[in-house]
Amino acid sequence: MSFQRIEDVFTAFEKQKVLIIGDVMIDSYLWGEVNRISPEAPVPVVSVKKREKRLGGAANVAVNIQALGAEPILCAVIGKDHDGLDFLDLLQDQGLSSEGILQSESRVTTIKHRILSGHQHMLRVDSEITSLINSEDREKLLGRISALLPACSVVIFEDYDKGVIDAALIQKVIQLATSQGIPTVVDPKKRNFLNYIGASLFKPNLKELREGLKMDLVRADEAELAAAVQVLREQVKIQEALITLSEKGVYINNGRESFLIPAHVRSIADVSGAGDTVISVAALCKAVYMSSKFTAALANLAGGLVCEYVGVVSIDRDRLLQEAIQNQIFNHEYSQDH
């Protein structure tokens, strides 16, 4: 692919089909006001004004991929329960396919209830099972993945440590994708951190990198990050690492070159879901063969944009394009990897 302007890159995104494998959930919000303390216990009473349910976890990645103009195909396991029906309804409302969704008698659908007063997060209540899916469910899920994979241009592993992704599934999917020339992009968590052998792009945040490699990374400067990526490359054989550094920006290293890209100054309201946005942008960049520096710069910009909103929200494609043009990301950092 050859692009003359950044608008052409965004147009190319619209032609991509993205397979997303991972832990899906419902993000539930109760918005209200606090005007008194409960007489039953020294806790605030939230008077509910609005209720909302949104697609969360790997499903929020699908929403971000869709918002960027591409077609997401979600592969996950949910419960055969009321929340599972709500999840399928949310997918339908969003215009997303459920062909890769498996309902299991042995699971519950993960739901996170957040209680907020104004912008103040008061409480979160989670309902979930975090043990690994059983072998029967894994084989059924692999069957769906195998059938859907050939039509896709990139695979995202969106791991929230809820049990859908395990070492056997990772190994099989990476083998299948690699044999078909399809890149694999990983948003890891602790349990499977070292299991993504041979992945194309690996995107931990700094905390996940520290815990996954058992390294201190006190300064988290370029020298420490380069050393950590070298260890990562030796242990997991990844091709490229994209490390998100919160207010410090992002660091990308592909073994040949590395870049530390600072964060853009923003009014941060909520960091929820920023990682989902970053992995979505990075995956689409891999699908259309963009350079490491462009991938990191655009993903960094996108992750910052969604932090300006309360709650988990998807990226605004037009605003991202506008800011990418303003920041001259294409002009200064454009090249293609083949």
**Q.** Within-4.5 Å side-chain heavy-atom neighbours: Val281 and Thr295
**A.** no
Q | Any donor-acceptor pair under 3.5 Å from Ser104 side chain to Val77 backbone | A | no
Q.
Using the rule that Ile, Leu, Val, Met, Phe, Trp and Tyr join whenever any side-chain heavy atoms are under 4.5 Å apart, tell me whether Val250 and Phe202 fall into a single cluster.
A. no
(Q) Do Ile21 and Leu169 have side chains that approach each other closer than 4.5 Å (heavy atoms only, starting at C-beta)? (A) yes
Q. Are a donor atom and an acceptor atom from the side chains of Asp159 and Asn192 found within less than 3.5 Å of each other?
A. yes
Q) Okay, side chain of Arg210, backbone of Leu217: is any donor-acceptor separation there less than 3.5 Å? A) yes
Q | Between CG on residue Leu321 and CD1 on residue Ile325, distance to nearest 0.5 Å | A | 4.0 Å
**Q.** Option passing side chain to side chain donor-acceptor pair (under 3.5 Å) with Asp27 (candidates Arg114, His113, Lys53)
**A.** Arg114
Q: Please check if atom CD in Glu40 has more than 12 non-hydrogen atoms from other residues, nucleotides or ligands closer than 6.0 Å.
A: no
(Q) Tell me if the centroids of the rings in Tyr251 and Phe259 come within less than 6.0 Å of each other. (A) no
Q. Do Leu301 and Leu245 share a hydrophobic cluster, counting only Ile, Leu, Val, Met, Phe, Trp and Tyr and linking them when any side-chain heavy atoms are less than 4.5 Å apart?
A. no
Q.
Can you tell me how far apart CD1 (Ile197) and OG1 (Thr178) are? Round to the nearest 0.5 Å.
A. 12.0 Å
Q: Determine, step by step, whether Ser97 and Glu99 satisfy the side-chain hydrogen bond (donor to acceptor under 3.5 Å, both in side chains) criterion, reporting the C-alpha distance in whole Å, the side-chain angles of both residues, the deciding distance to 0.1 Å, and the verdict.
A: CA-CA 6 Å; Ser97 169; Glu99 61 185 322; 3.3 Å; yes
Q) For Lys172, does the NZ atom have more than 12 heavy-atom neighbours from other residues, nucleotides or ligands under 6.0 Å away? A) no
(Q) I want to check a possible cation-pi pair here: Lys50 against Trp31, using under 6.0 Å from ring centre and within 45° of the ring axis as the test. (A) yes
**Q.** Polar side-chain atom of Arg233 near backbone of Gln239 as donor-acceptor pair, under 3.5 Å
**A.** yes
Q.
When you compare the side chain of Leu305 with that of Arg319, does any pair of heavy atoms fall below 4.5 Å?
A. yes
Q: Answer with yes or no whether the side chains of Ser153 and Gln16 bring together a donor and an acceptor at under 3.5 Å.
A: yes
Q: Please check if the side chain of Ser292 supplies one atom and the backbone of Asn254 the other of a donor-acceptor pair under 3.5 Å.
A: no
Q) Going from OG1 on Thr109 to CG on Asp81, what distance comes out if it is rounded to the nearest 0.5 angstrom? A) 3.5 Å
Q.
Before you tell me yes or no, could you show the steps for Asp276 and Asn60 under side-chain hydrogen bond (donor to acceptor under 3.5 Å, both in side chains), namely the whole-Å CA-CA distance, both residues' side-chain angles and the distance that decides it to 0.1 Å?
A. CA-CA 7 Å; Asp276 298 344; Asn60 185 51; 2.8 Å; yes
(Q) Within the 4.5 Å heavy-atom criterion, are Phe157 and Asp187 side-chain neighbours or not? (A) no
(Q) Quick check on the hydrophobic clustering: are Val48 and Val34 connected, directly or via other members, by side-chain heavy-atom contacts under 4.5 Å? (A) yes
(Q) Gln94 vs Gln66, test: side-chain hydrogen bond (donor to acceptor under 3.5 Å, both in side chains). Steps then yes/no. (A) CA-CA 9 Å; Gln94 189 67 33; Gln66 184 187 50; 2.7 Å; yes
Q: Inspect the contact between Asp161 and Lys190 and indicate whether a charged nitrogen and a carboxylate oxygen are less than 4.0 angstrom apart.
A: no
Q) Any side-chain heavy atom of Leu74 sitting closer than 4.5 Å to one from Leu91? A) yes
Q) Taking atom CD of Gln92 as the centre, does the number of heavy atoms from other residues, nucleotides or ligands within less than 6.0 Å exceed 12? A) no
Q: Give a yes or no on this: more than 12 heavy atoms of other residues, nucleotides or ligands lie within 6.0 Å of atom CG of Asp216.
A: no
**Q.** Note, Leu206 side chain near Ser246 side chain (heavy atom, < 4.5 Å)
**A.** no
Q) Is the shortest distance from a Lys or Arg side-chain nitrogen in Glu240 or Lys286 to a carboxylate oxygen in the other one below 4.0 Å? A) yes
Q) Taking the six-membered ring of Tyr29 as reference, does the NZ or CZ atom of Arg54 fall below 6.0 Å from its centre and within a 45° cone about the axis? A) yes
Q. Is any side-chain N of the basic residue among Lys189 and Glu208 closer than 4.0 Å to the acidic one's carboxylate O?
A. yes
Q.
Is any side-chain heavy atom of Ile156 closer than 4.5 Å to one of Ile65?
A. yes
